[in-house]
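The structure appears right after this line, and notes come after that.
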2 protein chains.
Amino acid sequence: MYLRAISFLRRQGQDYVSSRDLADQLHLKSPQIRKDFSYFGAFGVKGIGYRVDTLIGRIREILKLSGTQKAALIGAGRLGKALALYPGFGLYGFEIVEIFDVSPKKIGKKIGNTKIQSIKHLGNLEKRGIRLAILAVPAEAAQETAERLVEGGVRGILNMAPCYITVPKRVRVQTIDIAMELGILPYYV
Amino acid sequence: MYLRAISFLRRQGQDYVSSRDLADQLHLKSPQIRKDFSYFGAFGVKGIGYRVDTLIGRIREILKLSGTQKAALIGAGRLGKALALYPGFGLYGFEIVEIFDVSPKKIGKKIGNTKIQSIKHLGNLEKRGIRLAILAVPAEAAQETAERLVEGGVRGILNMAPCYITVPKRVRVQTIDIAMELGILPYYV
DNA sequence: CAGTGCTTGTGTTCACATTCACAAGCACCA
DNA sequence: TGGTGCTTGTGAATGTGAACACAAGCACTG
Ligand SMILES: NC(=O)c1ccc[n+]([C@@H]2O[C@H](COP(=O)([O-])OP(=O)(O)OC[C@H]3O[C@@H](n4cnc5c(N)ncnc54)[C@H](O)[C@@H]3O)[C@@H](O)[C@H]2O)c1
Ligand SMILES: NC(=O)c1ccc[n+]([C@@H]2O[C@H](COP(=O)([O-])OP(=O)(O)OC[C@H]3O[C@@H](n4cnc5c(N)ncnc54)[C@H](O)[C@@H]3O)[C@@H](O)[C@H]2O)c1
């Protein structure tokens, strides 16, 4: 979240940012931000604030986002296609290098420059330097597909299907349930 | 989250569920679930658990999700199209009834049964019974578009653009930043 | 070079959410 | 009908994260 906000400031040409500025932009209180940063060492300048470049570098280091990371996309449906063409992953250094699907109609076709491969040819992703996967298959197939990913050596899964998936604890899953997020709104409205 | 899990159980024909079962499924502890439910009154049966139908009804009531709610979709790009055709909103009783875009190439075309209208014709959504909107426009246009939605009487916005938007405090915004969620994974991997 | 204004970093306080532990209560059975 | 086995609902304990308040420190100014 900080990375996104600070990257935005950099694009606008800002060199320094104070915890107060960030707090206003992110709708947080400023001590929150200073505490968060200070957990990872003191890299601000009293009286001035934090240097934007330094901050981006440190946060990328902390989150292990330095350099580029390869990711696989599973499921070339409507959402999968949107994700495959989404440039926003670049900010965090992600690149979708392989796409898989089960449907013969889709296998062999291309999304952008990337060919859709058969899920049967998933193989050992780890050996190809892929440790992350985005799961955009129907909920019914999510658990089964996740298990194949784990076999393939994947260490982190972004699950777009509206269900929980169970994996060995060395594997991290992050689930996004878009409809559920919308479901939160009426309560407050 | 509970609603999704319990709806899943109902589809499987289960009549009752205990806090322990739910806890296992959602990777939580069981007292958490009992506390959460008890804040809204006691509607379980000791020795048995919670009746699935009752639970779904109560949670829908609590979250103000009883009945159907109309929503507008702004931005008929790749993501917008996927969302417009996504059946998963139905679980929470949402229906996308209007779609808007700015591009002359898209206006007049249909996604499913819904015609894409010009954003100029947004008008008063409230009067048409629309209190929720899904924002799937480029980040640069998000703030400006959100303001038009607020003018149109929208009370809740699901923002898919990777940026914060500022709205009057009577309006609730829920932002989903998909790339950011993926960005969380490497830290743990 | 002392004074002013601003911002960081952090010990302490505070608030809240999670977890524990157990009494109360229902169902089933002998 | 009394006993057994579960499960709920909830006060109390615990843990965790947010907010506060302020000393320490940098920059700029006259
Ligand atoms: N469309 C949306 O806007 C949206 C929003 C939120 C969540 N989701 C979720 O994302 C997932 C995908 O949604 P979608 O709209 O793209 O669906 P879709 O039906 O358009 O696409 C699903 C794709 O997955 C492929 N597939 C099915 N089983 C597979 C398997 N075992 N291995 C590999 N590929 C397989 C299908 O061939 C298809 O191409 C679903 O779980 C859906 O609930 C979608
Ligand atoms: N594609 C994805 O998978 C993905 C993932 C995460 C987030 N997002 C975000 O969702 C948003 C949409 O992404 P997309 O991939 O669909 O982009 P897109 O470029 O395919 O579509 C954007 C659409 O918005 C329309 N638009 C532009 N300005 C508008 C305005 N002022 N009013 C109404 N409509 C307007 C455009 O005409 C276009 O049809 C972006 O903010 C993007 O960052 C997309």
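Side chains included, hydrogens not; waters and symmetry mates left out as well; all remaining heavy atoms used. In what follows, every chain begins at residue 1, and chains take the letters A, B, ... in the order their sequences are listed.
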Whole angstroms only, please: what is the [atom1]-[atom2] distance between [X] and [N]?
X	N	atom1	atom2	answer
A:Ile33	D:dG17	CD1	P	17 Å
A:Asp36	C:dT10	CG	C1'	13 Å
A:Tyr50	C:dG9	OH	P	4 Å
B:Arg20	C:dA21	CZ	P	14 Å
A:Arg58	C:dG9	CZ	P	12 Å
A:Ile48	C:dG9	CD1	P	13 Å
B:Arg34	C:dA17	CZ	C1'	16 Å

Checking B:Arg34 against B:Ser19: is there a side-chain donor and acceptor pair closer than 3.5 Å? yes
Would you check if there is a donor-acceptor pair between the side chains of B:Asp36 and B:Tyr2 at a distance under 3.5 Å? yes
Closest-nucleotide ordering on DNA chain D, the 5'-leading residue of B:Gly41 and A:Lys46: B:Gly41
Comparing B:Ala42 with A:Gly47, nearest DNA chain D nucleotide closer to 5' gives the residue B:Ala42
Taking B:Arg128 first and then B:Glu98, would you say they form a salt bridge - that is, a charged N and a carboxylate O separated by under 4.0 Å? yes
I'd like to know if A:Glu61 and A:Arg58 make a salt bridge, using a cut-off of under 4.0 Å between side-chain N and carboxylate O. yes
D:dT8 phosphate, OP1 or OP2, under 4.0 Å from B:Ser19 side-chain N/O: yes
Would you say B:Gln32 places a side-chain N or O within less than 4.0 Å of OP1 or OP2 belonging to C:dA17? no
5' priority, DNA chain C, between B:Lys35 and A:Gly44 [closest heavy atom]: A:Gly44
